[in-house]
Amino acid sequence: MDQNSQRPEQALPGLIRKVLGSPHSEQVIKAQIIQMASRNLHVPEVTTALLEVLPLTKDKETRTQLLQFLAALNTSRFTDTGALFQALLDVYRQEKDRDTRTALLYRLQESIHQDPRLAAFFVALSGQDSLSEAERIAVQDTLSSLPSISEDTALAALQQNVNAPTVMQLQALDIAEKCPSWSQLLVAGLQPYLDVKNDREVRFRILRRLAGARLLEPAYADVIIPVLRTDPETYAREEALNALSRIKPWKEEVILQLFWSATNDSDESIRSQALRMQSELPERTNEQLIAMAALLASDRSEGVRTTLLQQLKPVMRIPEIRTRVATAFSGHPGVFASHEFDLLTDMLAPYAGRDEQISQLLLQSIQGLPNTSQRQRVLQLLIGKISMEKVLEPVIQLFRQEHNETLREVLFNQIKALSVARHPQLVDVFCAELTEPGSPFRITCAGILANAAEIYTQIPPALEDVLLYDNDRELVRLCLDGYLRPGVDKKFDILINVVKNELADTLSRQKALDATMKLPLDESQQDMLADALSGLKPGTLKTS
């Protein structure tokens, strides 16, 4: 006997691949091969070959026979069902016939407990709009039959259906409720479902589940608090408040929300319930109060900010709290409404001038305030209470940016008494004002700069600008006095312009002439000087 010959059952896997996998095989032969396969399932390669050819089989009759055959297999004897289920999944994805697809779904439903991929597969299907009604029912039946599911599966279902119709969102909640516990990840997945754009049945169902819990982790605050602030349904807010009471321990966000609901909710019963819950609050530690103060910088709800300020006002004596409050204010001063601004400034007023950091932050906030009266209010808190030398840079910046003349005058009055010898950064400020024809501070700046004209190189050009273009007697006199100081490099063109300026006072013109006569003049300059003097009345100016 030939040792290389094979018994029929050993050659069968090859026949299955050759016959069933070929589009040219006769239908009768294919049926015979399938019959032979059903009698030789004890040969492992037979089932493997059937699974391999299933996705390749194109004619409906053979494919139906194969599916019926594979669907009837007793999978309990399989050591590894992965190949079987993968083949069925592949066929489902390629299959166009609705009835066949539905039959495959029910077959997979029977084994959903055997392969974790199947649950994820059904979850993904639940979010598809292309399913037929029969397929959708099969998917829903499968998911609702799950006794317990993993967190990953529940989260996938929530994410898959977050923008789906209400019926599918409720189905996703069915799945989530079969998860033994709702962790922080699952809580994050539930949060979009509480958006007011979703059906009230969806929102209420989640809130009832949370309100009925014996204990909730602090992470649930992120889901519940937005409901209390934005949901228009009183019932939703009531359930959210009940759920909030299940969170332990109560963190700063929860404490603040209780105060907000007690004072701002439109429903009397919710306000009353929030007030009752406040009586259960433990005495807040300094650390909790400081953490609450930090919320002022991040919370965008006006009512919450007002509630928060009212809670912090009695404890502003704690340095960390008042610093957090001032920091929040200076970071976004323009977002606070008028009543919030008034409350904030009242809280910070006692510390302006006494606490250097608070003073710096208040000054910083001024440039972000769009309202002139508010900028003036903050300035009034600081003027006379702070050492200008310590806050000179921010004051200079404010002066340069301010457009309101009244406030500019307030700021200018604070810096004009400072010595430019000790604070050279003031020189540029005063020079800019001196050379600005519309500035009301020119006379003062001229007097200040004239006394330091020989110290800073930027002063003489500013004085020259006035001597060339201005006629105000006092202004010209002050600038000329500075220009004539020893150590200042004097120019013939500037001095001769003052000599010729009939609007300037005679003493100033005489000083300019005297200084001109001391300059080494060339022939053309001598001619210009003679021409200027020839036009004067006799005795106006002395040349000797």
Side-chain angles (χ1 to χ4, degrees), residues 162 166 169-170 173 187-188 190-213 216 218-248 250-282 284 288-289 291-314 325 328-329 332 334-344 346-347:
V162 67
T166 300
Q169 288 188 335
L170 290 171
L173 291 181
V187 170
L190 285 166
Q191 191 164 7
Y193 285 76
L194 289 171
D195 192 294
V196 294
K197 73 177 187 297
N198 289 323
D199 189 89
R200 62 206 303 263
E201 185 179 356
V202 173
R203 307 197 318 271
F204 291 0
R205 181 166 168 181
I206 297 173
L207 291 168
R208 278 195 296 267
R209 166 74 181 261
L210 295 177
L216 295 177
Y220 283 90
D222 294 337
V223 170
I224 297 168
I225 288 175
V227 177
L228 287 165
R229 296 186 188 177
T230 62
D231 202 298
E233 298 280 354
T234 301
Y235 177 80
R237 300 198 305 278
E238 286 177 346
E239 291 298 309
L241 198 57
N242 288 331
L244 198 69
S245 68
R246 303 288 190 267
I247 296 176
K248 293 295 185 294
W250 280 351
K251 297 293 185 181
E252 295 75 29
E253 295 88 346
V254 176
I255 296 171
L256 176 58
Q257 185 56 46
L258 287 181
F259 286 110
W260 188 92
S261 294
T263 56
N264 293 282
D265 197 280
S266 60
D267 185 80
E268 182 180 355
S269 64
I270 293 178
R271 295 199 301 272
S272 300
Q273 184 180 355
L275 282 171
R276 288 193 297 272
M277 290 172 66
Q278 286 182 40
S279 64
E280 303 174 20
L281 287 172
R284 284 160 289 171
Q288 286 179 316
L289 291 167
M292 286 177 66
L295 296 175
L296 190 63
S298 59
D299 202 295
R300 293 294 175 261
S301 170
E302 180 180 324
V304 174
R305 289 197 303 261
T306 302
T307 303
L308 183 55
L309 289 171
Q310 291 168 343
Q311 296 302 310
L312 295 174
K313 188 174 183 179
V325 172
F329 176 56
H332 303 281
V335 305
F336 293 92
S338 295
H339 66 280
E340 293 177 301
F341 173 83
D342 293 340
L343 185 53
L344 267 165
D346 286 345
M347 292 165 63

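Residue indices begin at 1 and follow the sequence shown.
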Task: Value rounded to 0.5 Å, distance of OH in Y220 from CD1 in I225 - done: 14.5 Å
TODO: List in chain and number order the residues that pass side chain to side chain contact (heavy atoms under 4.5 Å, CB included) with D199, two or more places apart in sequence or in another chain; answer none if no residue qualifies.
DONE: T166, E201, V202
Open item on the list: Test of understanding: with side chain to side chain contact (heavy atoms under 4.5 Å, CB included), list the residues that count as partners of R208, not counting sequence neighbours.
Closed with: F204, R205, Y235, E239
TODO: Please answer whether the main-chain N or O of S245 pairs with a side-chain N or O of K248 as donor and acceptor at a distance below 3.5 Å.
DONE: yes
Task: For E252, salt bridge (charged side-chain N to carboxylate O under 4.0 Å, His left out) partners two or more places apart - done: none
- [ ] Using a 4.5 Å cut-off on heavy atoms from C-beta on, say whether the side chain of I255 contacts that of F259.
- [x] yes
Open item on the list: Going by side chain to side chain donor-acceptor pair (under 3.5 Å), name the residues that satisfy it together with T306, two or more places apart in sequence or in a different chain.
Closed with: H339
Task: Partner set under salt bridge (charged side-chain N to carboxylate O under 4.0 Å, His left out) for D267, not counting sequence neighbours - done: none
Task: Residues forming a salt bridge (charged side-chain N to carboxylate O under 4.0 Å, His left out) with E233, sequence neighbours excluded - done: R200
Open item on the list: Taking side chain to side chain donor-acceptor pair (under 3.5 Å) as the definition, give me every residue that meets it alongside E340, ordered by chain and number, with sequence neighbours left out.
Closed with: R305
- [ ] Taking all heavy atoms of A221 and all of V254, pick out the closest pair and write down the distance.
- [x] CB-CG2, 4.0 Å
Task: Between CD on residue E253 and CG on residue D222, distance to nearest 0.5 Å - done: 7.0 Å
Task: Nearest heavy-atom neighbours spanning E238 and I270 - done: CG-CG1, 3.8 Å
- [ ] Please name all residues satisfying side chain to side chain donor-acceptor pair (under 3.5 Å) with S338, sequence neighbours left out, ordered by chain then number.
- [x] none
TODO: Could you grab the distance from atom CD of Q257 to atom CG of N264, nearest 0.5 Å is fine?
DONE: 9.0 Å
Open item on the list: For a 4.5 angstrom cut-off between non-hydrogen side-chain atoms, does R237 reach S266?
Closed with: yes
Task: Over all atoms of both residues, closest heavy-atom pair of M277 and L244 - done: CE-C, 4.4 Å
Task: Set of side chain to side chain donor-acceptor pair (under 3.5 Å) partners for R203, sequence neighbours left out - done: D231
Task: Sub-4.5 Å side-chain heavy-atom contact between L210 and R246 - done: no
TODO: Please list, chain by chain and in numerical order, all residues satisfying side chain to side chain contact (heavy atoms under 4.5 Å, CB included) with D195, sequence neighbours excluded.
DONE: K197, N198
Open item on the list: I'd like to check P226 versus Q191 (side-chain heavy atoms, cut-off strictly below 4.5 Å). Are they in contact?
Closed with: yes
Open item on the list: Would you say that T234 contacts D265 through its side chain, given a criterion of any heavy-atom pair below 4.5 Å between the two side chains?
Closed with: no
TODO: Rounded to the nearest 0.5 Å, what's the gap from CG on L312 to CE on M347? Could you check?
DONE: 5.5 Å
- [ ] Please report the shortest heavy-atom distance between Y193 and V162, naming the atom on each side.
- [x] OH-N, 3.4 Å
Open item on the list: Please enumerate all residues that pass side chain to side chain contact (heavy atoms under 4.5 Å, CB included) together with A240, with sequence neighbours excluded.
Closed with: L207, I224, V227, L228
- [ ] To the nearest 0.5 angstrom, please state how far the CZ atom of F329 sits from the CG atom of L309.
- [x] 10.5 Å
